[in-house]
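Position 1 is the first residue of the sequence; numbering continues from there.
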Amino acid sequence: MSHTINHLKKLRLQRSELAVPGSSPEMIDKAANSAADFVFLDIEDAVAPPDKERARKNIIQALNDIDWRANGKTVSVRINGLDTHYMYRDVVDVMEQAGDRLDTILVPKVGVPADLYMVEAMVNQIEMAKGYKTRVGLEALIETALGMANVEAIAATPGRLEAMHFGVADYAASCKARTVNIGGLNPDYPGDQWHFALSRMTVACRAYGLRAIDGPFGDFSDPEGYIAGARRAAALGIEGKWAIHPSQIALANDVFSPPEKEVTRARRILEVLKEAEAQGKGAAALDGKMIDAASERMARNVLVVNEAIERAGQPATH
């Protein structure tokens, strides 16, 4: 290993992330009682300009009125972009009026590290002024060509950054990609046209101790397409995916939960390697396959996720 090691900044169960427009109090109430691990209350793209102020007030009220943590939810707010006149008021009002009830702020269309610096400076000052004991994390939405071009530098941003998300819709628009459905695959492309972007973001996340989250799949009438996309993301090392419809929550929870047979094998790997170590061996065989220190690290990754699921009291649906 390199002498430089960036450990995971913050472990949060984030298999499913339900997107909820702040303009709909009814949907916010339902989200609080859903099976989603993570909920983000949106003031950005899901809310029309005339409704921004009302959505912001709805979100503040929901943060204060609903005990999200008692419901087993991590709750986030997606603010408006730094290129809008809504953003500063989103941060100030939400943080001043409900900052001690919030887990993270999702910053959209992050293009350069300075975008996060601006939000962090505001959050720092408000937390100090209000005397909050809790610390709000930041998450970066990578959804532009500029953001992807700078994704490693963004990931290395010190401070509150915990995770990065891949925003496929705006990313496609930014790259002028030809698409057929948000997050879907163009049949003219020989394979997964989002593979490179997802892989690059995931590597940047893992290099700097961040969680990697996949974004939306727009056709909620196509569960098979959602599952296929989630499985491809999970194969790359991504740990969760957005749900833009409640029907997608269970799909994400299932895909991003390690199967029981995988958990059992992970435990066996640790047991067999411990026995091998007692015999002075650095490697061993399990079911006719060689296992070594790298196998141990992969096994521990599986068990960490499984333990987080068990602590949350949300068993996998396998």
Side-chain angles (χ1 to χ4, degrees), residues 17-32 34 36 38-66 68 73-112 114-127 129-130 132 136-144 146-147 160 163-174 182 213 215-216 218 220 242-246:
E17 178 147 353
L18 183 61
V20 185
S23 52
S24 174
E26 298 80 8
M27 293 178 71
I28 294 175
D29 289 340
K30 290 179 180 178
S34 72
F38 214 100
V39 174
F40 82 79
L41 308 176
D42 194 16
I43 324 178
E44 198 218 13
D45 281 356
V47 178
D51 297 327
K52 299 278 191 188
E53 186 173 348
R54 172 49 54 188
R56 189 187 300 128
K57 291 178 179 178
N58 290 342
I59 287 171
I60 292 168
Q61 182 173 349
L63 288 171
N64 285 311
D65 290 352
I66 299 171
W68 296 89
K73 300 284 175 288
T74 300
V75 63
S76 179
V77 171
R78 179 166 71 168
I79 61 174
N80 283 280
L82 273 69
D83 60 332
T84 74
H85 66 277
Y86 305 110
M87 170 268 174
Y88 82 97
R89 185 52 61 191
D90 291 342
V91 176
V92 171
D93 286 3
V94 170
M95 282 299 303
E96 286 192 342
Q97 298 176 47
D100 58 342
R101 309 277 293 181
L102 183 63
D103 293 306
T104 72
I105 291 174
L106 179 58
V107 185
K109 300 177 179 65
V110 175
V112 295
D115 293 341
L116 292 175
Y117 181 89
M118 178 178 181
V119 179
E120 176 137 4
M122 295 175 69
V123 172
N124 284 345
Q125 293 181 44
I126 296 169
E127 281 188 352
K130 300 293 289 186
Y132 292 146
V136 173
L138 296 185
E139 299 182 84
L141 189 45
I142 305 300
E143 52 184 336
T144 64
L146 180 63
R160 298 171 183 263
M164 292 201 293
H165 301 234
F166 178 54
V168 64
D170 277 297
Y171 181 77
S174 179
I182 294 174
I213 308 299
F220 51 81
W242 289 14
I244 63 165
H245 188 273

Qualifying residues under side-chain hydrogen bond (donor to acceptor under 3.5 Å, both in side chains), relative to T104, sequence neighbours excluded | S76, E139
Minimal non-hydrogen separation, L82 against V107, with atom names | CD1-CG1, 4.0 Å
Reference residue K52; test side chain to side chain contact (heavy atoms under 4.5 Å, CB included); the match among N80, D90, T84 = N80
Straight-line distance of D93 CG to Y86 OH, nearest 0.5 Å = 14.0 Å
Side chain proximity check, V39 to L41, heavy atoms < 4.5 angstrom = yes
Exercise: identify the closest heavy-atom pair between K130 and E96 = CE-O, 3.2 Å
Test item: E127 side-chain N/O and V136 main-chain N/O as donor-acceptor pair under 3.5 Å | yes
Is there a donor-acceptor pair closer than 3.5 Å between any side-chain N or O of W68 and the backbone N or O of A62?
-> yes
Is the closest basic N to carboxylate O distance between E17 and R78 below 4.0 Å?
-> no
Would you check if L141 and D170 make a side-chain contact, meaning some heavy-atom pair closer than 4.5 Å?
-> no
Output all residues satisfying side-chain hydrogen bond (donor to acceptor under 3.5 Å, both in side chains) with D51, sequence neighbours left out; order by chain, then residue number.
-> none
Checking Y132 side chain against M95 main chain: does a donor-acceptor pair fall under 3.5 Å?
-> yes
Identify whether the distance between the nearest side-chain nitrogen and carboxylate oxygen of E53 and K57 falls below 4.0 Å.
-> yes
Could you pull out the closest heavy-atom pair between L116 and L138, with the gap in Å?
-> O-CD1, 4.0 Å
